[in-house]
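Chain naming here is simple, since letters A, B, ... match the order of the sequence lines and numbering starts at 1 in each. On a predicted model such as this, the values are computed, not experimentally measured, just so you know.
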Amino acid sequence: MPAYQIRTPTTALPQGVVMAASPGTLHSPQQLAEEATRKRELRLMKNREAARECRKKKKEYVKCLENRVAVLENQNKTLIEELKALKDLYCHKTE
DNA sequence: TATCTATCTCGTCAGTAACG
DNA sequence: CGTTACTGACGAGATAGATA
């Protein structure tokens with residue numbers, strides 16, 4: 001599992017989703033088919049939401065990495081400047 | 001302006017890890 | 001072991017920019 005992923009189980013049902021009837025109340029093949037369809041639609045809806053959330057998290061993760069790259073590049077630049085200055089100082093001392 | 005191409009976005013499927 | 005959430009891969013449609 002990627003490091004940016006934190007599992008947080010969701011309990012809320014997506015908007016517009018109606019809970020299926022309890023198993024004991026199903027009888028005819030018609031009802032069974034409807035139940036299967038409902039289950040499939042619910043699964044697709046949840047997966048759709050999950051995919052959106054996953055992509056959002058990934059985007060944020062990438063943005064975070066890009067920020068970190070920028071910070072490190074700046075630090076590197078500063079350190080190079082500092083090293084250069086110290087070298088100059090040292091050279092002039094030894095002359 | 002019509003067509004082509006590259007890139008982006010979204011939904012779905014399939015596989016996997018984690019949980020109870 | 002069954003269920004659930006997460007995510008990589010894929011295909012389809014949308015969009016933007018280039019070219020004749």
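- Here the C1' atom of nucleotide C:dA5 and the CG atom of A:Leu42 are 13 Å apart, to the nearest Å.
- Between A:Leu72 and A:Arg68, the closest side-chain pair of non-hydrogen atoms falls below 4.5 Å.
- Following rounding to the nearest Å, A:Lys56 (NZ) and C:dC6 (P) show an atom-to-atom distance of 12 Å.
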Are any protein N/O atoms closer than 3.5 Å to N/O atoms in nucleotides 10-14 of chain B? If there are, list each pair with its distance.
residue: B:dG11; atom: OP1; partner: A:Arg52; partner atom: NH2; Å: 2.9
residue: B:dG11; atom: OP2; partner: A:Arg52; partner atom: NE; Å: 3.3
residue: B:dG11; atom: OP2; partner: A:Arg52; partner atom: NH2; Å: 3.4
residue: B:dG11; atom: N7; partner: A:Arg55; partner atom: NH1; Å: 2.9
residue: B:dG11; atom: N7; partner: A:Arg55; partner atom: NH2; Å: 3.3
residue: B:dG11; atom: O6; partner: A:Arg55; partner atom: NH2; Å: 2.4
residue: B:dT12; atom: OP2; partner: A:Arg48; partner atom: NE; Å: 2.7
residue: B:dT12; atom: OP2; partner: A:Arg48; partner atom: NH2; Å: 2.9
residue: B:dC13; atom: OP1; partner: A:Arg40; partner atom: NH2; Å: 3.2
residue: B:dC13; atom: N4; partner: A:Asn47; partner atom: OD1; Å: 3.1

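- For C:dT7, neither phosphate oxygen OP1 nor OP2 lies less than 4.0 angstrom from any side-chain nitrogen or oxygen of A:Lys57.
- Between A:Asn47 atom CG and A:Cys54 atom SG the span is 10.0 Å, to the nearest 0.5 Å.
- Side-chain contact of A:Glu34 with A:Gln30: a donor-acceptor pair under 3.5 Å is present, judged by distance alone.
- Salt bridge annotation for A:Lys57-A:Glu60: absent, with no cationic side-chain nitrogen under 4.0 angstrom from a carboxylate oxygen.
- Listed by chain and residue number, A:Glu49 satisfy the salt bridge (Lys or Arg N to Asp or Glu O under 4.0 Å) test with A:Arg52 (two or more places apart in sequence, or in another chain).
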